[in-house]
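To start, the structure under review is shown below, and the notes come after it.
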Amino acid sequence: MGRNVFLGFVLFLLCTSFFSCASPAKTTVSGSGNVAYLQLVAADFDKTSVDYGKYDDGVTVVIDGKHEFHANVNNAADRLSKNFYTYKIATGTHDIQVVFNGNVVVNRKIFCSDGEIKVVDLP
């Protein structure tokens, strides 16, 4: 009798451990896909500097010579803590121009991978 109870218990443990490993539920993880982010960061000027607040009115960003938009600029000191202004862009290689007061202050080619935050430092 004791042996049958023991064998039944072992059989029970084997069955439950075998079936508990296979779950019929399927889980999928999906990201936003093919989206990168662009951040414009100004130098961390001292408040007494002539250039302090230089980009307060924002800049114009031109992507690949076609897509143009107004963008606000992050302060270098606040970029990681506040992270206010981040703009979505498509992944891949892009020509970026940043225009301030009618002058091109940044003109460069960038490559952005999926989910990457590309930081563009402004002079």
Side-chain angles (χ1 to χ4, degrees):
M1 174 87 175
R3 183 174 179 208
N4 287 340
V5 172
F6 178 75
L7 288 176
F9 182 72
V10 170
L11 183 61
F12 173 76
L13 286 178
L14 286 174
C15 288
T16 56
S17 66
F18 177 76
F19 291 114
S20 67
C21 292
S23 173
K26 302 263 185 218
T27 305
T28 58
V29 176
S30 62
S32 53
N34 295 330
V35 175
Y37 303 92
L38 183 68
Q39 268 191 4
L40 304 168
V41 178
D44 190 17
F45 295 117
D46 183 86
K47 290 187 179 190
T48 60
S49 172
V50 175
D51 289 328
Y52 183 77
K54 177 178 177 180
Y55 298 110
D56 283 352
D57 293 331
V59 295
T60 301
V61 178
V62 182
I63 300 177
D64 297 328
K66 297 182 255 183
H67 308 288
E68 182 176 314
F69 62 94
H70 178 80
N72 292 313
V73 179
N74 295 299
N75 184 345
D78 297 335
R79 185 183 78 82
L80 296 176
S81 61
K82 294 181 183 173
N83 199 11
F84 286 138
Y85 308 113
T86 302
Y87 302 93
K88 287 184 180 182
I89 60 172
T91 57
T93 303
H94 299 286
D95 291 315
I96 301 289
Q97 286 186 335
V98 179
V99 180
F100 176 68
N101 287 341
N103 299 318
V104 176
V105 292
V106 172
N107 186 11
R108 75 172 61 139
K109 186 177 289 271
I110 62 170
F111 177 79
C112 302
S113 59
D114 189 27
E116 178 182 11
I117 298 175
K118 184 61 81 170
V119 176
V120 176
D121 293 315
L122 303 181

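Numbers here are sequence positions counted from 1.
Using a 4.5 Å cut-off between side-chain heavy atoms of Ile, Leu, Val, Met, Phe, Trp and Tyr, with links allowed through other members, Phe69 and Val99 fall into different hydrophobic clusters. Hydrophobic clustering (ILVMFWY, side-chain heavy atoms < 4.5 Å, transitive): Val104 and Leu38 are in distinct clusters.
Annotation: the span from Gln39 atom CD to Asp121 atom CG amounts to 10.0 Å, rounded to 0.5 Å. Separation of atoms CD1 (Ile89) and CG (Asn34) is listed at 12.0 Å; rounding is to 0.5 Å. Taking OH from Tyr85 and CG from Asn74, the interatomic distance works out to 7.5 Å, rounded to the nearest 0.5 Å. Between the NZ atom of Lys88 and the OH atom of Tyr37 there is a distance of 5.0 Å, given to the nearest 0.5 Å.
Contact record, Asp57 with His70: O-CE1, 2.9 Å, taken as the closest heavy-atom pair. When all heavy atoms of Cys112 and Ala36 are compared, the closest pair comes out as CB-CB, 3.5 Å.
By the ring-ring contact (aromatic ring centres under 6.0 Å, His included) test, Phe111 pairs with no residue at all, sequence neighbours left out.
No option in Val73, Val41, Leu40 other than Val73 meets the side chain to side chain contact (heavy atoms under 4.5 Å, CB included) test with Tyr55.
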Kindly list each side-chain donor-acceptor pair under 3.5 angstrom involving residues 59-66, sequence neighbours excluded, with atom names and distances?
residue: Asp64; atom: OD1; partner: Asp95; partner atom: N; Å: 2.8
residue: Asp64; atom: OD2; partner: His94; partner atom: ND1; Å: 2.9

